[in-house]
Amino acid sequence: MREIETTAVTDLVSRFYQEANFSLPADVLAAFQNALHSEKSPQGRKVLETLLENADIAARRRVPLCQDTGLAVVFVRIGQEVHLIGNPLAEAINDGVAKAHREGYLRASVISSPCFRRENTGDNTPAVIHVEIVPGEPFDIAVLPKGAGSENMSRLLMLKPADGLTGLIDFVVETVEIAGAKPCPPIFLGIGVGGTMDRAAALSKQALLRPAGEANVDLKLADLEQEILARVNALGIGPGGLGGTVTCLGVALEEVPCHIASLPVAVNIQCNCARRASGSL
Ligand code: SF4
């Protein structure tokens with residue numbers, strides 16, 4: 001049995017939430033650079049250059065990449081041989097988010113009671129937490145601050161099996177077309193297929209953790225990702241929504257088994273500010 005103090009979890013979440021807000025992952029920056037070479041539109045290339053400059057300034061000065069510092073989505077993989085000592089896990093994670101907010105001067109972007117009060121909680125808590133119990137003693141954590149501009153344009157549809165891959169692809173393309181410039185393109189797409197509606201939605205978010213440019217290990221799914229990418233980029237929305245050939249920088253599709261009568265499809269749009277940080281204790 002491995003013992004982990006939850007104060008270490010708090011410190012790790014705080015560090016990751018700040019790092020994610022100040023520095024884009026190397027794979028995202030590489031995707032911007034690649035797009036700079038392939039984008040046909042001059043204004044699209046200008047947007048990409050500005051995004052690269054913005055990322056450089058944010059990393060050097062340790063200031064947020066975007067005014068929207070996001071809702072903290074936290075994925076935890078915890079081994080069943082791990083014993084946590086201290087605060088409950090969710091409390092430790094939320095303490096980390098609040099600490100990051102204080103130390104990193106991150107905008108407080110979370111409100112309580114969305115239906116009525118909509119009062120700012122003041123410290124970016126609570127986080128959305130996904131926990132997976134796995135064999136052994138690992139403790140892996142990934143923090144993904146999610147901006148509302150792209151989250152708001154995400155969609156889920158319970159397709160029928162007869163809709164097939166054509167229905168799936170059409171739904172994804174329609175989702176991006178409806179979104180237009182609102183999710184701050186160039187975007188990334190996390191797509192969750194299968195399970196139930198809640199499982200598909202969580203899977204689409206989890207798919208966004210996959211590094212840009214990394215294809216699905218299943219070759220048929222990898223081909224499907226490429227087909228969706230080509231269809232989405234043919235929309236011509238372009239960087240900043242100003243028109244261009246690069247609307248989307250990467251598609252990550254994950255699937256899980258589902259009911260014989262279902263074909264759930266969730267599309268989680270991630271904006272150009274594709275922040276994430278991950279590691280282990
Ligand atoms: S969608 Fe992304 S880039 Fe646009 S304002 Fe929100 S966090 Fe910033």
Side-chain angles (χ1 to χ4, degrees), residues 20-21 24 28 31-32 35 39 41 43-44 47-48 50-51 54 64-73 107 109-111 114-115 118 124 127-128 130 144-159 163 167-193 197-210 212 224-225 227-254 263-276:
N21 261 292
L24 282 178
V28 173
F32 286 173
E39 174 55 62
S41 129
Q43 60 270 43
V47 170
L48 289 162
T50 305
L51 291 175
N54 180 64
L65 287 147
C66 183
Q67 44 76 32
D68 180 352
T69 56
L71 176 62
V73 183
R107 190 186 83 180
S109 305
V110 179
I111 51 108
C115 293
R118 297 192 72 87
N124 273 328
V128 174
H130 301 274
L144 190 147
K146 192 67 173 67
S150 53
E151 191 70 5
N152 287 352
M153 303 315 295
S154 301
R155 291 163 87 215
L156 182 143
L157 188 63
M158 301 301 288
L159 289 168
D163 295 321
L168 185 158
I169 295 168
D170 286 351
F171 172 62
V172 177
V173 174
E174 181 190 75
T175 298
V176 177
E177 191 168 24
I178 290 170
K182 292 191 183 82
C184 300
I187 58 170
F188 296 85
L189 289 175
I191 303 171
V193 181
M197 62 177 288
D198 50 319
R199 182 76 179 96
L203 198 60
S204 68
K205 181 78 78 220
Q206 194 175 0
L208 292 175
L209 296 177
R210 199 197 303 162
L224 182 56
E225 290 172 349
E227 189 176 346
I228 292 170
L229 183 65
R231 283 276 306 276
V232 164
N233 280 332
L235 290 171
I237 295 167
L242 299 175
T245 48
V246 181
T247 299
C248 180
L249 295 168
V251 176
L253 184 149
E254 301 292 344
L263 180 54
V265 181
V267 183
N268 199 192
I269 300 183
Q270 176 63 299
C271 58
N272 68 68
C273 199
R275 301 161 287 193
R276 58 181 142 74

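Note that the structure is a prediction, hence the values are computed from the model and not measured. The basis for the numbers below is simple: all heavy atoms, side chains too, and nothing from hydrogens, waters or symmetry mates.
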Side chain of [X], backbone of [Y]: donor and acceptor closer than 3.5 Å?
X	Y	answer
Ser204	Val267	no
Thr247	Gly238	yes
Ser154	Ser150	yes
Gln270	Phe188	no
Ser109	Asp68	no
Asn54	Thr50	no

### Message
Working to the nearest 0.5 angstrom, can you tell me the gap between Leu24 CG and Phe32 CZ?
### Response
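Going from the CG atom of Leu24 to the CZ atom of Phe32 covers 5.5 Å.
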### Task
Output the distance between atom SG (Cys248) and atom CZ (Arg231), rounded to the nearest 0.5 Å.
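Result: 13.0 Å between the selected atoms.
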### Query
Between Leu208 and Asn268, does a side-chain contact (heavy atoms from CB on, under 4.5 Å) hold up when you go through it step by step?
CA-CA 8 Å; Leu208 292 175; Asn268 199 192; 3.5 Å; yes
### Query
With a 4.5 Å heavy-atom cut-off, do Glu225 and Arg210 have their side chains touching?
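Side-chain contact under 4.5 Å: yes.
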### Task
For the residue pair Arg275 and Asn21, establish whether any side-chain heavy-atom pair is separated by less than 4.5 Å.
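The answer is yes, as the side chains (C-beta and beyond) meet within the 4.5 Å cut-off.
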### Task
Can you establish whether the number of heavy atoms outside Met197 located under 6.0 Å from its atom CE is more than 12?
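Atom CE in Met197 is not crowded, with 12 or fewer foreign heavy atoms closer than 6.0 Å.
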### Task
Identify the heavy atoms of Leu48 and Glu39 that sit nearest to each other, and give their distance.
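Closest pair (atom of Leu48, atom of Glu39, distance): CD1-CB, 4.0 Å.
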### Query
Could you walk me through whether Glu254 and Lys205 pass the salt bridge (charged side-chain N to carboxylate O under 4.0 Å, His left out) check?
CA-CA 10 Å; Glu254 301 292 344; Lys205 181 78 78 220; over 6 Å; no
### Message
Is there a side-chain contact (heavy atoms from CB on, under 4.5 Å) between Arg155 and Glu174? Walk through the geometry before answering.
### Response
CA-CA 10 Å; Arg155 291 163 87 215; Glu174 181 190 75; 3.0 Å; yes
